[in-house]
Amino acid sequence: MELHGATALVTGTNRGIGHHFAVELLRRGAKVYATARRPELVDVPGAEVLRLDITDQESVEAAAAVATDVDLLINNAAFTAGGNLVTGDLDAIRLTMDSNYYGTLAMIRAFAPVLARNGGGAILNVLSAVAWTTVDGNTAYAAAKSAQWGLTNGVRVELAGQGTHVAALVPGLIATETLRDFAANAGVEFREGTLLDPADLVRLALDGLEAGEIEILDRIGADAKATLTGPPRAFNLEAAAAA
């Protein structure tokens, strides 16, 4: 996909990876709808800011009614603090699945006709390596990302006929506030250079999208995918932090 001249909508642009997606897309010459549940927190000069809660169907439909020129949808927004499945708060677990799976699906269902009218375009879903190697302390998030991977594979097949390219970004350890907070709560300190800068990840993702890749992986993502050929394996955060 050629990003220069494209029109992208990015969810969750108030911070972290979503913010970097919006900034880099603008740098590459795309028009950007930068969205968030709290649009007043979005600071992306040059973007058109929209309020969007991906877990609210009316909000999703309202965004699709405004952003009718979109030919690239980047599903980044997600609730991450699900905790463990057996002992965690059930409402938090449901919200994690609701945002990662049903929220992503709601966005795809709403924007698939928009993409079709605009020539097919592309969808990029932001996943995580924990989709393939669960992590103790947040197994609910890992399960939700596994479900989102299955969703991505499913809609890729369904939307192929309208010419929509569907890709997954599957990264490992990214230097975001979310990961740093989780690691701190787990008593883990990262060795310098272990965490990938979000800006570097976004450049990797957009380069992969322009190259037509369907799964865009960093080193940890590639290692996690390779584990699927053997017995299920959990992600060792302490070992990864020291690597």
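Sequential numbering from 1 along the given sequence is applied to the chain's residues. Atom set for the values below is all heavy atoms of this structure, side chains included, hydrogens, waters and symmetry mates excluded.
Within the 4.5 Å cutoff, no side-chain heavy atoms of S146 are placed close to those of W132. Within the 4.5 Å cutoff, side-chain heavy atoms of T35 are placed close to those of L9. Annotation: side chain of V166 is not in contact with side chain of V157 (no heavy-atom distance under 4.5 Å). The shortest side-chain heavy-atom distance between R117 and Q162 does not fall under the 4.5 Å cut-off. Contact annotation: the side chain of R203 approaches that of E24 to within less than 4.5 Å [non-hydrogen atoms, C-beta and beyond]. Counting only heavy atoms from C-beta outward, the side chains of L72 and M1 approach each other to under 4.5 Å. Between Y141 and T134 the shortest side-chain heavy-atom distance does not fall below 4.5 Å. No side-chain heavy atom of V32 sits under 4.5 Å from any side-chain heavy atom of V44.
For the atom pair E210 CD and L206 CG, the distance stands at 7.0 Å (nearest 0.5 Å). Atoms CG and CD, on L127 and E215 in that order, are 8.5 Å from each other to the nearest 0.5 Å. Distance CG/L115 to CD1/I108: 9.5 Å, rounded to 0.5 Å. Considering CZ of R27 and NE2 of H20, their distance stands at 13.5 Å, rounded to 0.5 Å. Between the CE atom in M97 and the OG1 atom in T55 there is a gap of 14.5 Å [rounded to 0.5 Å]. Put simply, CD1 on I123 and CE on M107 are 9.5 Å apart, with the number rounded to the nearest 0.5 Å.
Shortest non-hydrogen contact noted between H4 and G29 is ND1-CA, 3.6 Å. When all heavy atoms are compared, the tightest approach of K145 to V126 is NZ-O, 2.8 Å. Nearest approach of A64 to V114, heavy atoms of both residues: O-CG2, 4.3 Å. The two residues G12 and A77 come nearest to each other via the heavy atoms N-CB, 3.7 Å. Here the closest non-hydrogen pair linking T13 and A22 is CG2-CB, 4.2 Å. What you find for T96 and A81 is that their closest heavy atoms are OG1-C, 4.1 Å.
Side chain of K225 to backbone of I220: no donor-acceptor contact under 3.5 angstrom is found. S59 contributes a side-chain N or O that, together with a main-chain N or O of D53, makes up a donor-acceptor pair within less than 3.5 Å. Of the possible donor and acceptor atoms, one in the side chain of T227 sits under 3.5 Å from a partner among the backbone N and O of A224. One N or O on the side chain of N138 and one on the backbone of G83 form a donor-acceptor pair closer than 3.5 Å. Without hydrogens or angle criteria, T7 side chain to D71 main chain gives no donor-acceptor distance under 3.5 Å.
Linking ILVMFWY side-chain heavy atoms closer than 4.5 Å, directly or via other members, places I54 and L73 in a single hydrophobic cluster. Linking ILVMFWY residues whenever their side-chain heavy atoms come closer than 4.5 Å, directly or via other members, places L169 and L3 in the same cluster. Both Y101 and F111 belong to a single network of hydrophobic side chains, linked directly or stepwise wherever heavy atoms of I, L, V, M, F, W or Y lie under 4.5 Å apart. L85 and F79 fall into different hydrophobic clusters, defined by Ile, Leu, Val, Met, Phe, Trp and Tyr side-chain heavy atoms under 4.5 Å apart, directly or through other members. Hydrophobic clustering (side-chain heavy atoms under 4.5 Å, transitive across Ile, Leu, Val, Met, Phe, Trp, Tyr) keeps I93 apart from L105.
R28 has a carboxylate O that lies under 4.0 Å from a charged side-chain N of D207, or vice versa, which qualifies the two as a salt bridge. Under a 4.0 Å N-O distance rule, the pair R219/D223 qualifies as a salt bridge.
Partner N125 forms a side chain to side chain donor-acceptor pair (under 3.5 Å) with one of N100, N76, T152 and no other, that one being T152. Evaluated for a side chain to side chain contact (heavy atoms under 4.5 Å, CB included) with Y33, the options T11, L50, V49, L52 yield exactly one hit, L50.
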task = In sequence, state the C-alpha distance, the side-chain angles, and the governing distance for T139 and V130, and then conclude on side chain to side chain contact (heavy atoms under 4.5 Å, CB included).
result = CA-CA 9 Å; T139 55; V130 298; over 6 Å; no
task = For the pair R38 and N14, evaluate side chain to side chain contact (heavy atoms under 4.5 Å, CB included) and give the outcome as yes or no after the intermediate values.
result = CA-CA 8 Å; R38 296 181 60 188; N14 55 303; over 6 Å; no
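Heavy-atom neighbours of R156 CZ from other residues, nucleotides or ligands within 6.0 Å: above the threshold of 12. Remark: E40 CD is packed, more than 12 non-hydrogen atoms of other residues, nucleotides or ligands lying under 6.0 Å away.
Remark: the N84 side chain and the D136 side chain contain an N/O donor-acceptor pair separated by less than 3.5 Å.
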